[in-house]
Q: 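Mind having a look at this structure? Questions to follow.
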Amino acid sequence: MLSYSQALGVLRERIVPIRKMVRLPLEESMGHALAEPIIAPEPNPRFDNSAVDGYAIGSVEDSTEGMSLEIQGHIAAGGVFREAIRPHSVVRILTGAPVPAGTYGIAMQEDVVLDGNSVILRQSVPNRQFIRRQGSDFQAGEVLAPAGTVVDAGVSAQLAFVGVVRPSVFRQPLVSILTTGDEIVDPSQIPGPSQIRDTNSVMLQMQVLQTCGACPTVIRVADDRELFKETLSRTAGRSDLVIISGGASVGDKDFLDGIMRELGTVHFHGVSIRPGKPILFGQIGSCFVFGLPGNPASAYVCFEIFVREAIRRLAGWLTPEPRWVDCTIGFDHKACGREDFVRIRRDGPRVVEMGQQGSFGINSLATAHGLLMLSATEDRLVGSQERVLWLG
Ligand code: AMP
Ligand code: MG
């Protein structure tokens with residue numbers, strides 16, 4: 001059976017980004033990867049401007065503590081001051097206003113005393129104080145973000161600054177969810193004695209939504225081989241990725257493996273991890289397929305450690321890999337022969353294991369801060385450094 005890193009290797013080898021370019025209004029581009037780099041046509045700041053509300057001073061002689069200087073004029077953000085500052089004078093200046101030509105430095109208004117039409121400096125003003133220099137953030141021609149950068153609030157500020165209101169981005173993958181299980185009823189229904197409500201469909205929908213901002217369709221199928229095969233084939237024909245909940249293991253009604261081999265290819269089936277051992281990854285034509293175990297915690301964890309990266313790869317992200325962070329563990333752990341993904345919470349400088357780690361558990365999914373990855377073969381003691389994937 002493959003290890004987690006071997007299985008990831010297979011996934012990374014198989015999944016090719018879609019890279020179909022679309023232009024979207026800036027406010028609808030969140031979560032999309034940029035198809036082109038953002039290149040600055042102008043520097044930021046665009047011109048030298050004031051960092052404070054205060055007084056612009058013209059020369060070193062006029063910048064010493066105790067100087068009394070006449071107010072020559074005013075300039076606010078959006079204005080222009082066309083004269084040079086005269087000797088023994090200051091120009092009242094507001095934050096963001098272009099500094100008058102020849103400004104030596106700016107005194108903050110809290111550091112002067114107003115005296116009629118003059119100000120008295122309470123302290124000396126160093127050269128260039130409180131001047132935001134043109135280009136001190138970036139210069140014209142600089143690459144602000146390479147292609148593949150994902151649009152978020154920060155990137156949208158760069159796009160707006162350079163005037164790109166319809167960025168070129170890659171289209172998002174079309175994702176569908178297939179939920180299996182004769183025991184599953186809609187969450188709006190009252191389950192019979194041996195039935196349970198479908199928790200995975202909406203959970204996976206939200207995980208996809210959180211990954212790329214697109215809400216996948218959900219199709220619920222009974223445990224009927226022919227019906228399932230036909231539904232999967234049809235759904236794969238109009239999706240880039242199908243996520244299947246349940247039916248991936250080797251129970252009598254778990255026929256996914258056989259059907260996948262009839263319709264397409266199985267890249268791997270079974271990974272030495274806990275939870276999520278029965279996970280299947282394959283392909284029908286150009287559509288990728290994940291078969292996730294039906295237990296909610298398994299489906300959840302498999303999505304976080306495999307499917308999220310797969311969607312990001314399809315969507316053309318520059319860095320689609322999960323971001324692991326080293327953390328100190330606050331408990332002892334016995335190796336179980338499979339790599340363990342433990343739901344944890346942060347507790348001061350350490351992370352602690354949450355109560356129910358069984359794959360049927362739902363409670364911990366709502367409150368876990370992260371997934372801690374632990375070795376399949378080596379025990380771990382309190383205080384050791386391990387990798388955590390932060391959730392949310
Ligand atoms: P399976 O992977 O189909 O063998 O299912 C494993 C376990 O997960 C069984 O106890 C199922 O009842 C449960 N399960 C399967 N699908 C869902 C679902 N959509 N929501 C909640 N539990 C599920
Ligand atoms: Mg089932």
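When reading the values below, keep in mind they use all heavy atoms of this one structure, side chains included, and skip hydrogens, waters and symmetry mates. Just so you know, ligand 1 is whichever comes first in the structure, and atom 1 is the first atom listed for that ligand.
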Q: Please enumerate all residues that pass salt bridge (charged side-chain N to carboxylate O under 4.0 Å, His left out) together with Asp223, with sequence neighbours excluded.
A: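 Salt bridge (charged side-chain N to carboxylate O under 4.0 Å, His left out) list for Asp223, sorted by chain: empty.
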Q: For Phe138 and Phe161, I'd like to know if the aromatic rings sit close, meaning centre-to-centre distance below 6.0 Å.
A: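 Centroid distance Phe138-Phe161: below 6.0 Å, so yes.
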Q: When you measure from atom 19 (N) of ligand 1 to every protein heavy atom, which one gives the shortest distance, and what is it?
A: Asp198 OD1, 2.8 Å
Q: For ligand 1, which atoms have a heavy atom of Ile196 less than 4.0 angstrom away?
A: 12 (O), 21 (C), 22 (N), 23 (C)
Q: Give the contacting part of Asn200 toward ligand 1: side chain, backbone, both or neither, where contact means a heavy-atom distance below 4.0 Å.
A: both
Q: Nearest protein heavy-atom contact for atom 7 (C) of ligand 1: which residue, which atom, what distance?
A: Asn295 OD1, 3.4 Å
Q: Are the charged groups of Arg220 and Asp198 less than 4.0 angstrom apart, N to O?
A: yes
Q: How does Thr199 reach ligand 1, if at all, at less than 4.0 Å between non-hydrogen atoms: by side chain, backbone, both, or neither?
A: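 Both parts.
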Q: Which of the numbered atoms in ligand 1 are below 4.0 angstrom from a heavy atom of Thr179?
A: 19 (N)
Q: Within the 4.0 Å heavy-atom shell around Ser245, which atoms of ligand 1 are there?
A: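 So the atoms of ligand 1 that pass are 16 (N), 19 (N).
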Q: Would you confirm whether the ring centroid of Phe341 sits within less than 6.0 angstrom of the ring centroid of Tyr4?
A: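 When the ring centroids of Tyr4 and Phe341 are compared, they turn out to be within the sub-6.0 Å range.
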Q: Is the shortest distance from a Lys or Arg side-chain nitrogen in Arg171 or Asp240 to a carboxylate oxygen in the other one below 4.0 Å?
A: yes
Q: For His88, does the NE2 atom have more than 12 heavy-atom neighbours from other residues, nucleotides or ligands under 6.0 Å away?
A: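 No, not enclosed.
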Q: Cationic tip of Arg92 within the cone over Tyr55's six-membered ring, i.e. under 6.0 Å and within 45° of the normal?
A: yes
Q: Tell me, which protein residue and heavy-atom name are nearest atom 11 (C) of ligand 1, and how many Å apart are they?
A: Glu183 OE2, 3.0 Å
Q: Could you name the option among Gly294, Ser201, Gly247 that has the heavy atom nearest to atom 3 (O) of ligand 1?
A: Gly247
